[in-house]
Amino acid sequence: MTTHTLWCASLFASLCEDGVWAVPRSGLIFRKDGEALALVLTMPYDPAMPMTADELVEYQDADFEMIREEFALAGVTVRR
């Protein structure tokens, strides 16, 4: 297991059922739902951000995919 995979497994194990994990870099918020992490909220766009609304959505989608892939290696399903 890589360091990332171990970190993902450890984070998931540290959450209680319905526990929340927030990802500040992209504004994604997940909730532990059984044996999965469910995306429950995304930070909305604000005109003061240094990117456009479309760029924010693209960044959030890419971060979600990276998170999904990393957690999958740890045996955890991540879903929208």
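Just so you know, these numbers use all the heavy atoms, side chains as well, and skip hydrogens, waters and symmetry mates. Computed from a prediction, not measured in an experiment: that's the story for all the values here.
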To the closest 0.5 Å, what do you measure between CZ (R68) and CE (M66)?
11.5 Å
Common cluster, L28/W21, ILVMFWY with side-chain heavy-atom separation under 4.5 Å
yes
For D61, what residues pass the side chain to side chain contact (heavy atoms under 4.5 Å, CB included) criterion, not counting sequence neighbours?
V57, R80
So, does S10 use its side chain to make a donor-acceptor pair with the main chain of W7 at under 3.5 Å?
no
Separation of C8 SG from F71 CZ (nearest 0.5 Å)
4.0 Å
What residues, two or more places apart in sequence or in another chain, satisfy side chain to side chain contact (heavy atoms under 4.5 Å, CB included) together with T2?
H4, T5
Name all residues meeting the salt bridge (Lys or Arg N to Asp or Glu O under 4.0 Å) criterion together with E55; count only those two or more places apart in sequence or in a different chain, and write none if there are none.
none
Kindly compute the distance separating CG (D63) from CD (E58), expressed to the nearest 0.5 Å.
12.5 Å
Which donor-acceptor pairs under 3.5 Å do the side chains of residues 31-40 make with protein atoms, sequence neighbours left out?
unit_1, atom_1, unit_2, atom_2, d
R31, NH1, D18, OD1, 2.8
K32, NZ, F12, O, 3.2
K32, NZ, L15, O, 2.9
D33, OD2, R79, NH2, 2.2

Could you list the donor-acceptor pairs under 3.5 angstrom formed by side chains in residues 41-49, with sequence neighbours left out?
unit_1, atom_1, unit_2, atom_2, d
Y45, OH, M51, O, 3.2
D46, OD1, A48, N, 2.7

Among all residues two or more places apart in sequence or in another chain, which pass the ring pair (Phe, Tyr, Trp, His ring centres under 6.0 Å) test with F64?
none
F30 versus L11: any side-chain heavy-atom pair under 4.5 Å?
no
